[in-house]
Amino acid sequence: MEFSLVVALIAVASSCVFVHFLARGATKKRRSPAAKKLPPGSLGLPVIGQSLGLLRAMRSNSGERWVRRRIDRYGAVSKLSLFGKPTVLVAGAAANRFVFFSGALALQQPRSFLRPEMLRMYVGKIDGEARRHVAGCWSGRAAVTVMPLMKRLTFDIIASLLFGLGPGAAARDALAGDFERVMGGMWAVPVDLPFTAFRRSLRAAARARRLLAGITRERKAALERGAATRSSDLIACLLSLTDDRGGAPLLSEEEIVDTAMVALVAGHDTSSILMTFMVRHLANDPDTLAAMHEEIARSKRDGEALTWEDLTRMKLTWRVAQETLRIVPPIFGNFRRALEDIELDGYVIPKGWQVFWVASVTHMDAAIFHDPDKFLPSRFDSQSSSPATAKAAPPCSYVAFGGGPRICPGIEFARIETLVMMHHLVRKFRWKLCCKEDTFARDPMPTPLHGLPIEIEPRISP
């Protein structure tokens, strides 16, 4: 490490320590004799806190164990420090419900406009993209590596369908690069210095927003002169939305850019991770794969374009997706911010503190999901009589997409992408894993260590 870099790190750390103790002294002066009852736990070292421990655990696929150890030690509500901020970890279905429905926690996401009635007009276009992808990247090959192909597919769909950026467009390549940098900083320690992943992520996000803002202005001009229609792409559709009173635009340009950024995350990494791990689980469950193929083959003749109605009939396929999301949630957890002092389980979460929840706490709880380590899609079948569904899971215990007003804005887009692509894969191929290794890393999202290489062979069309 260069001497100047060492000096910079020492300076930053020293400044943070000074500010930390200065803030502690001021807090002590303001605090009343009847001090607030904070949750148990420790904030750890200034700025660093427990961030490095959590990141190491996530990248070694032991993040769930790290969280479980804290719960076993401190209970369902505990304090710590993550990414430079005092934080309260909350766990369990009741805590999830608190996070998703409490008005005292900041809602850190834009409104969702990616609703089924809007997205159904794009099923045919997504189907076309999936067909081209399968023909170009899967057909005629004896082996493929699943994860990078799924990432390529989902980005191509977003670029073409949502933003109108075709193959070879310079803006498309620029957006792809910036998006990778944005995701690289998602779980980075928030130190805003030139050499950090956090700084690169901030700059990439700003560039991506400027690019999308430019596309939005161009599409608005094209709509005004009749060179584009509402169905041209998602941005054109959002620009065409008007209120019921005076026909004024329903969304500002900033809200449209917000929605587009959400679609990038929800439609890219979430869907690509889901489809990758569906392929992995199905490779080990030939009975479920055969049942999926039967469901898919009887719904359409080979070569027929998919419709919205076809997707609504793929019930088993979506149960497989739900079970995959239960075992491997694409998002490890999420943060909210307390807008005021909040009481939870007899403890006070001070205004301004982060609240951190983790999906796997309830997903892998044997008291909620029977045999949680087993891959059992039937647990999501309301008609099933198996032990997995004998006892209904309590509300807010299955939180792969969040819940309530905090549900993922891109859930419907991710669902359509997944059902369309899995229709084509299951109908056209059989596959098996190239290696039996069942480990994966979260960096920051779950990723097979080798990208999930598989051997494939074509099915004979029925």
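Just so we're clear, the structure is a prediction, and the values are computed from it rather than from any experiment.
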With R379 as partner, the option from Q322, H370, E323 fulfilling side-chain hydrogen bond (donor to acceptor under 3.5 Å, both in side chains) is E323
Sorted by chain and residue number, the side chain to side chain donor-acceptor pair (under 3.5 Å) partners of K151 (sequence neighbours excluded) come out as D269
With sequence neighbours left out, the residues meeting side chain to side chain donor-acceptor pair (under 3.5 Å) with R199 are D192
* Is it true that F83 and F198 have ring centroids separated by less than 6.0 Å? -> no
**OP:** Show your reasoning for whether ring pair (Phe, Tyr, Trp, His ring centres under 6.0 Å) applies to W318 and F380.
**Re:** CA-CA 9 Å; W318 187 240; F380 291 98; 9.5 Å; no
Are [X] and [Y] close enough that a side-chain donor and a side-chain acceptor fall under 3.5 Å?
X    : Y    : value
H423 : D310 : no
Q50  : S81  : no
T216 : E253 : no
E417 : T154 : no

- Query: Considering only heavy atoms from C-beta outward, does the side chain of V146 approach that of R280 to under 4.5 Å?
  - Reply: no
Under 4.5 Å between any side-chain heavy atoms of M150 and L425, yes or no?
yes
dist F356:CZ -> L82:CG (nearest 0.5 Å) comes out at 6.0 Å
| Check: N96 side chain, C396 main-chain N or O, donor-acceptor pair, under 3.5 Å | yes
**Request:** Say whether, by atom type as modelled, one donor and one acceptor occur between the side chain of E64 and the main chain of V358 under 3.5 angstrom.
**Result:** no
### Task
Validate the cation-pi geometry between R415 and W308: distance from NZ or CZ to the six-membered ring centre under 6.0 Å, angle to the ring axis within 45°.
yes
Residues pairing under salt bridge (Lys or Arg N to Asp or Glu O under 4.0 Å) where one sits in residues 40-51, two or more places apart or in two chains, turn out to be none
Could you please spell out the steps behind the side-chain contact (heavy atoms from CB on, under 4.5 Å) verdict for K85 and F335? CA-CA 11 Å; K85 296 181 180 180; F335 294 93; over 6 Å; no
Mind checking whether H363 and Y398 have parallel, tilted or perpendicular rings, split at 30° and 60°? parallel
Tested for side-chain contact (heavy atoms from CB on, under 4.5 Å) against T324, the lone hit among T276, L282, L274 is L274
